[in-house]
Amino acid sequence: MNERYNHKEIEAKWQKYWEENNCFETVEDDSKEKYYVLEMFPYPSGKLHMGHVRNYSIGDIVARFKKMDGYNVLHPMGWDSFGLPAENAAIKHGIHPAKWTWENIAEMREQLKELGLSYDWNREVATCHEDYYKWMQWIFIQFYKRGLAYKKENPVNWCPDCQTVLANEQVVDGCCERCKAVVGKKNLSQWYLKITDYADRLLDNLDTLEGWPNKVKMMQKNWIGRSYGAEVDFGIKDDDRKLRIFTTRCDTLFGVTYMVMSPEHPYVNSLVEGTEYEAAVKEYQEKVQKMTDIERTSTANEKTGVFIGRYAVNPLNGKEVPIFISDYVLMGYGTGAIMAVPAHDQRDFDFAKTFGLEIIPVVDPQNPEIDLYDLKEAFVAEGTMINSGEFNGMNNRDAIEKVADYLKEKGIGEKTVNYRLRDWLISRQRYWGTPIPMIYCEECGWVPEKEENLPVLLPTDVEFTGKGESPLTTSATFGDTVCPCCGKPARREMDTMDTFLDSSWYFLRYADPKNAEAPFDPAKAAYWFGKNGVDQYIGGVEHAILHLMYARFFQMALYDMGLASCEEPFENLLTQGMVNKDGKKMSKSIGNVVSPEEIIEKYGADTARLFILFAAPPERELDWSDTGVEGSYRFLSRVYRLVYEFVEKYGSVPETFEAKTAADKSLNYVLNSTIKKVSEDVGGRFSFNTAISSIMELVNEMYRYKELEDLNVGLLGKAVKELIIILSPFTPHICEEMWEHIGQTGSLTTMAWPEFDEDALVKDEVLIVVQVNGKLKDKMMVANNASQEDLEKIVMENEKIQALLEGKTVVKVISVPNRLLNIVVK
RNA sequence: GCCGGAGUGGCGGAAUAGGCAGACGCACAGGACUUAAAAUCCUGCGGUCCUUACAGACCGUACCGGUUCGACCCCGGUCUCCGGCACCA
């Protein structure tokens, strides 16, 4: 070991050692309790950024700690390697997506290794590898067989730049999540997964996920958007059909003054055909169809619509009301038609004001300040029913139930549940994704490829133009095949799968990554998942809805098929905050990007890991600070010097010691309380910043102690040894080096986490805070576990306290053992 | 609009079950070592007031109020910021 800390030499040396000695290989072992720690696998964009460093550092501390703490730890890594950037590179630079991707993977794998992360690289998976996507296709076919995958023509979100459809979840503020282009609509026949079948389970299970941040659970709840209500059939004047609507406000049925249908509602055309209203209706429909979601929602306040010349009949009172079409009613939610109650719904109120329609109040707020017959806005709160026949006088909340029961009894409606969540549209008109293993036969319709023929390989004779349909259509060899059912010539599906499917089960594949017979062996998965799934999942909060809901859906579906051992994939979830610089997100355009490469080069991986964990709690945003990094490097150098100096002076670590002096006891106390704190902070509440600060305090204490004349070498040696161990999950390279230097053999990766000595934590004297009327007045050292009587006696003898109590009456004395004494006076 | 968070020194943050507010680090200031610099080590570092000094007093966790012997922490209200959903009937 050099006198000075040389991070480059040390890190290269120990990375080589770990690799050559397979230090991180994991096998199933029933004799040990398992611990599965997983970080969200990266898209291989080419280079790591600080967000990756943060994500993987957190995971690595946990993995290394749990391993030392006696668990059989699974800590894998892989690549979410299908996706658009690879294809864009092909279009732009003429590199094949496969080549581009595999080169990026190789580069990023090296960078991960340079961070000293304890992955079992034998379990590496890449979703673009045929060994992986073969099983992706197999799973898709099982979904299809169970009715969870279906094809349907629908207006879909279409990104004009990416030239592909997007799932609802991938449209953010009306724009493509990836390229930010304004998303339009297109009618296409596409594959869907029936995630709505799982809406209730996805929602209700959230309450069982105690180890998830509330924030993420709320986001998923909002996204699923369950609302209880009823469907009600209205009559249509001069028509045999019924107009079915969905409402959550059955209680307001008597206040309906008009109806609104979505412009896309299937009845609209037949209702206006051949009438004087037809032209205006057609014109409005066309206008709406051309609108993007942004346009459709930006007109939130100004209501537009067209009267279609027809009337609906209220099933409760027989009242005839006009029917409109308007873009504020969406075909994709409920039944695509609503009853309008302007007195008690703000949107209906705005529409009614615009079109001069009748407003009938049916819920009385019983508030003299509100004039029910001249409302300024809709009244939406609780009240008493009026103008509602037999329901008058009832509380309207109770009436919701009563009216629904009445409708059911009369056969004009029923209670239903609606979800904001839609089925998952998974077809993508792209090349670099898993081919959908379906075949279209004129005779048999859509048929899945035979399982023995999987994988359906991506063809290589493909042109990348970036335009039009799926690039797979340009392949001469891909499309033509035979029907797996009847053997006649047939055509393959040309679209590929949304890459979010690939990342919805990779965590299961890690349990058995090389299996050629199945996606994974259920027994191996059961070992690593147990009853509750991945013990700790770590990743960015940006995946709160998309990835984390899709993965839960897959896990549930695979559980239902008997393949997975538990219903929920991730027992505990940590969403780490972003890494910013100068208060802003790091971005190339602002020019505030700090690259992990330059930090590793200048300070080393240990410093980078230490800083990123020390600077902020993991779930919070972290502002990158160059001087803060220097501080972390300074700390490591300080530890290094301490160890170097110790060995220079005393040789290797003595085995025994006895704490005699007060200084000995004090150091021994700090040492053991630090071990206790770090164990709790790392193993329990993931408070890495406070764990590190307590290690810093220990080091400060050791610096003071080593200058003493009557120091105890055995004690200092023990502190040196245990300091190295507890620091090692954070900064493994430097610790291995120091470990070797103090004469220890073997790698720290096989060391047991130290236990603290309870006896050392018992102090002879403790500091007591003395308060008068709750205000701090003095502090004093008293014997440990002194009784309240003794304490009171000592405190009352104190001159300062006596002066404060002069002329006052002591009302009572409150004492907290070993902590405080509060004297209440008048 | 609905739902969820957060607000503590110059800065990042700490206070884990209601009991010393500001641990640890950064920045800054002063000192030691050095021909000098770097590195290192030591000291100080919320505000106001008071004191020659030692020391001491008061205020202070966004704001207002409440509960309590005691509140950064619990309760009610207000403000600001961040995040999610949003013409979802």
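The structure presented is a predicted model; accordingly, all values stated were derived computationally and were not measured. Chain A is the first sequence line, chain B the second, and so forth, proteins listed ahead of strands; every chain is numbered from 1.
- Among residues at least two apart or in separate chains, side chain to side chain donor-acceptor pair (under 3.5 Å) pairs with a member in residues 248-258 of chain A are A:R249-A:D251, A:D251-A:N396.
- For A:Q771 and B:G19, a side-chain-to-base donor-acceptor distance below 3.5 Å is present, hydrogens and geometry of angles not being considered.
- Annotation: A:F686 is in aromatic contact with A:F688 [ring centroid separation under 6.0 Å].
- Classification of A:E701 and A:R704 as a salt-bridged pair holds, one side-chain N sitting under 4.0 Å from a carboxylate O.
- Separating the CD1 atom of A:I695 from the P atom of B:A23 is a distance of 19 Å, rounded to the nearest angstrom.
- Between A:F611 atom CZ and B:C24 atom P the separation is 19 Å, expressed in whole Å.
- Residues passing the salt bridge (charged side-chain N to carboxylate O under 4.0 Å, His left out) test with A:D623: none are found, sequence neighbours excluded.
- The side-chain hydrogen bond (donor to acceptor under 3.5 Å, both in side chains) check on A:E792 picks up A:Q788, with sequence neighbours excluded.
- Side-chain contact between A:V810 and A:V824 is absent, with no heavy-atom pair separated by less than 4.5 Å.
- Of all the residues in residues 774-783 of chain A, A:G774, A:K775, A:L776, A:K777, A:K779 reach under 4.0 Å from RNA chain B with at least one non-hydrogen atom.
- When the C1' atom is used for both B:C26 and B:U78, the distance is 35 Å, rounded to whole Å.
- Considering only residues two or more places apart in sequence or on other chains, A:H547 meets the side-chain contact (heavy atoms from CB on, under 4.5 Å) condition with A:M40, A:F500, A:S503, A:Y506, A:Y537, A:H543, A:A551.
- Among the protein residues, A:E621 comes within range of the sugar-phosphate backbone only, with heavy atoms under 4.0 Å from sugar or phosphate atoms but none that close to a base.
- The side chain of A:S326 contributes no N or O atom lying less than 4.0 Å from OP1 or OP2 of B:C87.
- Looking at residues two or more places apart in sequence or on another chain, you find a side-chain hydrogen bond (donor to acceptor under 3.5 Å, both in side chains) between A:D345 and A:R347.
- Rounded to whole angstrom, the span from the CE atom of A:M578 across to the P atom of B:G83 amounts to 9 Å.
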Quiz item: What string of B, S and - do you get for nucleotides 37-49 of chain B, 5' to 3', when a contact is any protein heavy atom under 4.0 Å?
Solution: ---SS--------
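- Distance A:R226 CZ to B:A89 P: 14 Å, rounded to the nearest Å.
- Closest contact between the side chain of A:M696 and the listed nucleotides B:C24, B:C85, B:C69 involves B:C24.
- Only the P atoms considered, B:C79 is 31 Å distant from B:A21, to the nearest whole Å.
- Taking atom P on both nucleotides, B:C11 is separated from B:G66 by 30 Å, rounded to a whole Å.
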Contacts under 3.5 Å, N or O only, protein and nucleotides 74-76 of chain B:
none

Quick one: which protein N/O atoms are closer than 3.5 Å to N/O atoms of nucleotides 3-5 of chain B? Pair and distance per line, please.
residue: B:G4; atom: O3'; partner: A:N214; partner atom: ND2; Å: 3.2

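- Annotation: of the two residues near RNA chain B, A:N773 and A:S625, the 5′-most nearest-nucleotide partner is A:S625.
- With rounding to whole Å, A:N689 atom CG is found 12 Å from B:U16 atom C1'.
- As rounded to whole Å, 8 Å separates atom P of B:A27 from atom CD of A:E630.
- A:Y640 is linked by a side-chain hydrogen bond (donor to acceptor under 3.5 Å, both in side chains) to nothing, counting only residues two or more places apart in sequence or in another chain.
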Quiz item: How would RNA chain B look in dot-bracket form, 5' to 3', counting Watson-Crick and G-U wobble pairs with both distances under 3.5 Å and writing | for bases paired to another strand?
Solution: (((((((..(((......[....))).(((((.......))))).((((......))))..(((((..]....))))))))))))....
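- In this structure, A:M1 CE and A:N6 CG are separated by 11.5 Å, a value rounded to the nearest 0.5 Å.
- Contact annotation: A:Y328 does not reach the phosphate of B:A89 (side-chain N/O to OP1 or OP2, under 4.0 Å).
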Give the table of side-chain donor-acceptor pairs shorter than 3.5 Å for residues 576-583 of chain A, with sequence neighbours excluded, one pair per line with atom names and distance.
residue: A:Q576; atom: NE2; partner: A:G51; partner atom: O; Å: 3.4
residue: A:N580; atom: ND2; partner: A:E621; partner atom: OE1; Å: 3.1

